[in-house]
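In what follows, a single structure is set out as structure tokens and then discussed.
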Protein chains: 2
Amino acid sequence: MVKEIEKDLCDEKCIHPQSICFIKQNMLDESMVYDLSEMFKAISEPSRIKILHALSRRELCVCDLAEALGMNQSAVSHQLRVLRSARLVKFRKEGKEAWYSLDDDHVVTLMCQGIEHISHLKEK
Amino acid sequence: MVKEIEKDLCDEKCIHPQSICFIKQNMLDESMVYDLSEMFKAISEPSRIKILHALSRRELCVCDLAEALGMNQSAVSHQLRVLRSARLVKFRKEGKEAWYSLDDDHVVTLMCQGIEHISHLKEK
DNA sequence: ATAACATATGCTTATATGTTCATATGTTAT
DNA sequence: ATAACATATGAACATATAAGCATATGTTAT
């Protein structure tokens with residue numbers, strides 16, 4: 001019976017059919033893989049990490065971010081666009097200024113866990 | 001006194017000197033940003049996500065990974081190399097085969113939290 | 001209306017990275 | 001020794017992306 005299922009899921013070339021069947025039965029679906037990828041990609045770029053970390057402390061305008069992080073205005077704006085489309089930050093306009101803040105604390109939580117993890121590795 | 005510190009840390013161009021000082025005083029150091037970036041980059045690539053997820057279930061050889069994930073052997077091998085240098089997977093040789101497994105449960109924990117997060121978003 | 005300013009964005013360039021192909025390395029069986 | 005096999009790796013190519021420049025958009029003050 002189990003053999004039958006394995007026969008359906010695997011082809012003859014399999015070296016370890018059971019392993020392959022097991023993986024195939026437990027795979028993440030494509031859209032989950034895609035979303036995970038997008039999320040981690042969003043928080044894997046050094047300048048975006050700095051921006052998110054800064055915003056985790058307080059709401060900031062583009063110009064302040066640029067000045068504080070030593071980036072030029074255009075670069076910050078481009079990265080904020082990426083963070084916006086990943087729904088990680090939101091903003092409100094106040095006159096000429098755009099004040100950005102985190103849209104999603106959860107992602108910063110992930111980032112902080114990453115920080116803990118790395119601090120841990122460094123202690124060793 | 002506080003004004004003095006701010007004067008040291010900010011230049012005249014600042015639009016909101018206090019914000020900028022605050023960020024500068026609380027910045028992640030460069031090496032942390034770099035390490036975070038490397039770690040998240042390692043788990044932000046679709047094929048690497050699939051590989052890590054598969055390995056989180058059981059030890060697997062290259063060929064099984066390739067077959068189960070529908071990738072060619074070379075692509076898997078290249079990605080395993082990336083994961084190895086990020087110290088996320090380890091392997092042992094057994095005859096012709098190389099059996100890979102996770103080196104670091106913590107990173108998979110991060111991945112799982114990502115999955116929970118996204119599932120949560122999708123429910124809304 | 002005009003000037004000064006804050007931000008956004010299209011375009012370009014430089015660089016990074018994933019995949020494939022061909023091949024090298026190392027192992028097992030005959 | 002040779003053939004078959006599993007894996008690793010170098011080279012080439014295609015694609016993605018970050019950053020800078022120039023400029024557009026929208027706001028405020030005069």
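Chain identifiers are assigned alphabetically (A, B, ...) following the order of the sequence lines, protein sequences preceding nucleic acid strands; residue numbering begins at 1 within each chain.
- The base of D/dT7 is not paired with the side chain of B/Ser74 by any donor and acceptor separated by under 3.5 Å.
- Within 6.0 Å of atom CG in B/Asp105, 12 or fewer heavy atoms from other residues, nucleotides or ligands are found, so the atom counts as exposed in its surroundings.
- The interatomic distance linking B/Arg84 (CZ) with D/dT7 (P) rounds to 12 Å, in whole Å.
- The separation between A/Lys93 atom NZ and C/dA8 atom C1' is 8 Å, rounded to whole Å.
- One finds the OG atom of A/Ser37 at 12.5 Å from the CE atom of A/Met32 (value rounded to the nearest 0.5 Å).
- Residues satisfying the side-chain contact (heavy atoms from CB on, under 4.5 Å) test with B/Glu94, not counting sequence neighbours, are B/Arg92, B/Trp99.
- Shown for residues 33-49 of chain A: residues whose heavy atoms fall under 4.0 angstrom of DNA chain D, namely A/Lys41, A/Glu45, A/Ser47, A/Arg48.
- Residues passing the salt bridge (Lys or Arg N to Asp or Glu O under 4.0 Å) test with A/Asp35 are B/Lys122, sequence neighbours excluded.
- Of the N and O atoms on the side chains of B/Asp104 and A/His117, at least one donor lies less than 3.5 Å from an acceptor on the other residue.
- Rounded to whole Å, atom P of C/dG18 lies 11 Å from atom CD1 of B/Ile51.
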Per-nucleotide pairing state of DNA chain C [Watson-Crick or G-U, under 3.5 Å; [ ] pseudoknot-crossing; | other strand] = ||||||||||||||||||||||||||||||
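- The CH2 atom of B/Trp99 sits 12 Å away from the C1' atom of D/dA6 (whole-angstrom rounding).
- At whole-Å resolution of the value, CZ in A/Phe91 and C1' in C/dT9 are 13 Å apart.
- More than 12 heavy atoms of other shown residues, nucleotides or ligands fall within 6.0 angstrom of atom CZ in B/Arg58.
- A close approach under 4.0 Å does occur between a side-chain nitrogen or oxygen of A/Arg81 and OP1 or OP2 of C/dT9.
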Base-contact (B) and sugar-phosphate-only (S) positions in nucleotides 24-29 of chain C, heavy-atom cut-off under 4.0 Å, - elsewhere | --BBS-
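- One can place CE of B/Met71 at 14 Å from P of C/dC21, the figure rounded to the nearest angstrom.
- When every heavy atom of B/Phe40 is checked against every heavy atom of A/Ser44, the shortest pair comes out as CB-CB, 3.5 Å.
- The existence of a salt bridge linking B/Glu45 and B/Lys50 is excluded, since no basic side-chain nitrogen approaches an acidic carboxylate oxygen closer than 4.0 Å.
- For A/Gln73, no side-chain nitrogen or oxygen approaches OP1 or OP2 of D/dC21 to under 4.0 Å.
- For A/Tyr100 and C/dA6, the shortest distance from a side-chain N or O to OP1 or OP2 is not below 4.0 Å.
- By the 5.5 Å and 30° criteria, B/His78 is not stacked with the base of C/dT19.
- A/Glu116 pairs by the salt bridge (Lys or Arg N to Asp or Glu O under 4.0 Å) definition with nothing, not counting sequence neighbours.
- Annotation: B/Arg84, atom CZ; neighbour count of heavy atoms from other residues, nucleotides and ligands within 6.0 Å is above 12.
- A donor-acceptor pair shorter than 3.5 Å cannot be found between the side chains of B/Asn72 and B/Ser74.
- Scanning all heavy atoms of the two residues, the minimum distance from A/Ala42 to A/Arg48 falls at O-NE, 2.8 Å.
- Atom CG of B/Leu80 is separated from atom P of C/dG18 by 13 Å (rounded to the nearest Å).
- A/Leu69 places its CG atom 15 Å from the C1' atom of D/dA18, with the value rounded to the nearest Å.
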